[in-house]
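Data block below; observations after.
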Protein chains: 2
Amino acid sequence: MAVHDAQFVHQECSDCPIRHRAVCARCDADELGKLEQIKFYRSYQAGQPVIWSGDRMDFVGSVVTGIATLTQTMEDGRRQMVGLLLPSDFVGRPGRASAAYDVTATTDLVMCCFRKKPFEEMMLATPHIGQRLLEMTLDELDAAREWMLLLGRKTAREKIASLLAIIARRDAALKLRSPKGALVFDLPLTREEMADYLGLTLETVSRQVSALKRDDVISLEGNRHVTVPDFDRLLEEAGDDNDGGYLV
Amino acid sequence: MAVHDAQFVHQECSDCPIRHRAVCARCDADELGKLEQIKFYRSYQAGQPVIWSGDRMDFVGSVVTGIATLTQTMEDGRRQMVGLLLPSDFVGRPGRASAAYDVTATTDLVMCCFRKKPFEEMMLATPHIGQRLLEMTLDELDAAREWMLLLGRKTAREKIASLLAIIARRDAALKLRSPKGALVFDLPLTREEMADYLGLTLETVSRQVSALKRDDVISLEGNRHVTVPDFDRLLEEAGDDNDGGYLV
DNA sequence: GCTTTCGTTTGATCTGCATCAAAGTCAGTG
DNA sequence: CACTGACTTTGATGCAGATCAAACGAAAGC
C-alpha cells in the first residue's frame, strides 16, 4: 500500500499523512490549503493510551510516525487486537461520537489530527476526501476478513508465519523494496502483543517463534531483530494462497 | 440497522435495497430516477454460487430477499465464513475488478444489481451514494472486528450464544421489534455453516447447541426453529459487554 | 413401503494449545 | 556492581475442542 501511495506524493504535500493518503492522489491546491489550516499534531509516548473504548472522540487523524494498536477487551480481561496502525493509517470514524476500541501507542507515536466537526464539513464539501476514505476503509475491511481466516482456521505456527510475513511486507513496502529474497526487519510488537493479535498466549508465541528459528524459516538476533532468508518459504508456512495481504 | 433505516424509506422508493440503504436517507428524485434506470435483478437458488473468489465481478448489488454468505477457503479445504449477507446488505466493491471471496446463496436469493461501470460513474456524480456506502462499510468493519474478538478469544459456548444473539437481533429488527423477552426465529444456517462462521467443527456446534438447550438458555423445535426465553441471559452466555452487535 | 441421502446427534479418543510454574536475559538504575 | 523489573524462554501438565466413528431422523426418490 505504501508503495502504491508513494506514487502520489506531490511536492506540494507536507508530511501530513491525511494529505498523502486521503487527498494527495487527486489533490488540488484549494483542498490542501483548507486541510492545512485545520490540522494539528499530537505526540504520545510508547505504552501511552491514545483513547479508551467508549470515550468521547472529537478528532480523527492518521499516524505520522510510530505504531499504535486497536484492541477490544472482555470484562474478564481477555484481549483481542483488531487493528495495527502503521504510518499513514487512519484513526477514527467520521459520524461516530465515541471510540469503539482502545487505541494504544506501542512505540513513540506522532499523529496528525483534525477536529471531527471541521473534517466532516470538509468531507461533505470535498468528495475526494470521502472517496479516498472509502477506499481505505474497504482495504481495512479486506484486511479484517483475512484476519478472520487466520483467527478461525490457522494453526499457531501458521499464525506466527502470517504475522511475520505481513510485517515483513509492510516493512519492505516502507523501504520501497519488493519482499523477495532475504529480508531484515525489527518486530514492532512484544510477544504478548503478538499473542493478542493472533488469539494465542504469549507462551505459544514464544514456542512457535523458536520452532520457526529451529527450522531455519527465520533467524533471530536478540528478541526483535528478524532475518527471513526465503520469503516464499515463509509464505508457505503461513498457509497463504493469496499474496495480497494487508496489515491494518 | 434495519430498524434505523426503516425511518428513511420514502413512499417514492421501490423495493430496491440500494435505494433504501445507499440513497434513501437523503435521496432526491433525480438520483432515484437515475438509479432506477440502470438497475436489474438476479435470482439464485439455495446452494447456488453467486460468484467465486477471483472471478471477474462486473456488478455490485444488494440482497433483496434471502441470505448469502461470504467465505474464504485455504488450499487444503479449511473454510472460514467472513460475512453473512441479509436483506439490504451490499455486495461488491467499487473499484475492484474481481471478487475477493466466494459468495454463495444459502437460501433462495434475489439481488438487486447495477453494472459496476455506471454505478461508479453515478457514485462520482452523486456524493450521497458514496457517503452512504462509506457508512455501510464502516459498519461492516465494526462487525468484522467484533467477529475477530469472537474468533480469537471466545469459547465454543460463547461463540454459539453470540451467533444466536446476533441472528435473533437481526430477525427482531426485520420485524421492527426490540429484542427483549421471548424471541422466536428460524436459524438460516446449517450446523456446518454455523461452524464455518464460528471457526469450529460442526460436531462442536451441535454439542454446544444441545448444551444451551439442556441449560434452558434456548429451546428447539426441529433443528432450526429456536425460542429464546430470556434474551439477556443469552447475551450473558455470549460474554458480550456491549449491546451493539452487527451481523454482516 | 423400502432405500437413499443429507443433516444432525452422540460417543470415544486424541492433540494442540492453554495453563501453571520456574528460570534465563537484558537494560536501566541506585 | 548488584538489584530490579520487564520481557522472554522452557518445562510439565491439563483440558477444550478436533477427529474418528457410528447411529438417528426426516425428506426425497423408486
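Bear in mind that the values here come from a model prediction, so they are computed numbers and not experimental data. Labels below follow one simple rule: chain letters A, B, ... track the order of the sequence lines, proteins then strands, and each chain is numbered from 1.
- Taking side-chain N and O atoms only, A:Ser210 has a distance below 4.0 Å to OP1 or OP2 of D:dT10.
- Put simply, CD on A:Gln208 is 14 Å from C1' on D:dT10, counting in whole angstrom units.
- Using a 4.0 Å cut-off, no side-chain N or O of B:Thr204 falls inside it from OP1 or OP2 of D:dG17.
- Taking atom CZ of A:Arg214 as the reference point, atom C1' of D:dT10 lies 11 Å away to the nearest angstrom.
- Under a 4.0 Å N-O distance rule, the pair A:Asp139/B:Arg96 does not qualify as a salt bridge.
- No side-chain donor-acceptor contact under 3.5 Å links A:Asp215 to the backbone of A:Leu212.
- In this structure, A:Glu192 and B:Thr155 both approach DNA chain D, and ranking their closest nucleotides by distance from the 5' end singles out A:Glu192.
- When rounded to the nearest whole Å, the span between CG of A:Leu202 and P of D:dT9 equals 10 Å.
- Between A:Arg79 and A:Asp196, at least one side-chain nitrogen of the basic residue sits less than 4.0 Å from a carboxylate oxygen of the acidic one, meeting the salt-bridge criterion.
- In summary, the side chains of A:Ser219 and A:Lys213 do not present any donor paired with an acceptor at a separation below 3.5 Å, with no hydrogens or angles considered.
- As judged by a 4.0 angstrom heavy-atom cut-off over every strand, B:Arg224 is placed among residues touching the sugar-phosphate backbone only.
- A salt bridge links B:Arg233 with B:Glu237: the distance from a Lys NZ or Arg NE/NH1/NH2 to an Asp or Glu carboxylate oxygen falls below 4.0 Å.
- Heavy atoms of B:Ser206 sit under 4.0 angstrom from at least one base atom.
- Salt bridge B:Glu158/A:Arg78: present, at least one basic N to carboxylate O contact under 4.0 Å.
- Using a 4.0 Å heavy-atom cutoff across all strands shown, A:Gly199 reaches sugar-phosphate atoms only and no base atom.
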Within the sub-3.5 Å range, which N or O atoms of nucleotides 20-28 of chain D have a protein N or O partner, and how far apart are they?
| from | atom 1 | to | atom 2 | distance (Å) |
| --- | --- | --- | --- | --- |
| D:dC20 | N4 | B:Glu203 | OE2 | 3.2 |

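- Distance, A:Lys213 NZ to D:dT9 P: 7 Å, rounded to whole Å.
- Listed pair B:Thr201 / D:dA18 meets the phosphate criterion, a side-chain N or O lying under 4.0 Å from OP1 or OP2.
- If A:Arg153 and A:Val205 are placed on DNA chain D by their nearest nucleotide, the residue sitting closer to the 5' end is A:Val205.
- A salt bridge links B:Arg93 with A:Asp142; the closest basic N to acidic carboxylate O contact falls under 4.0 Å.
- In this structure, the CG atom of A:Asn223 is 9 Å from the C1' atom of D:dT9, given to the nearest Å.
- Contact check for A:Val110 versus A:Arg42: no side-chain heavy atoms found under the 4.5 Å cut-off.
- Once you apply a 4.0 Å limit to the heavy atoms of chain B, the touched nucleotides of DNA chain C run 5' to 3' over C:dT8 to C:dA12.
- Outside the 6.0 Å centre-distance limit, the rings of B:Tyr101 and B:Trp52 are not counted as a close aromatic pair.
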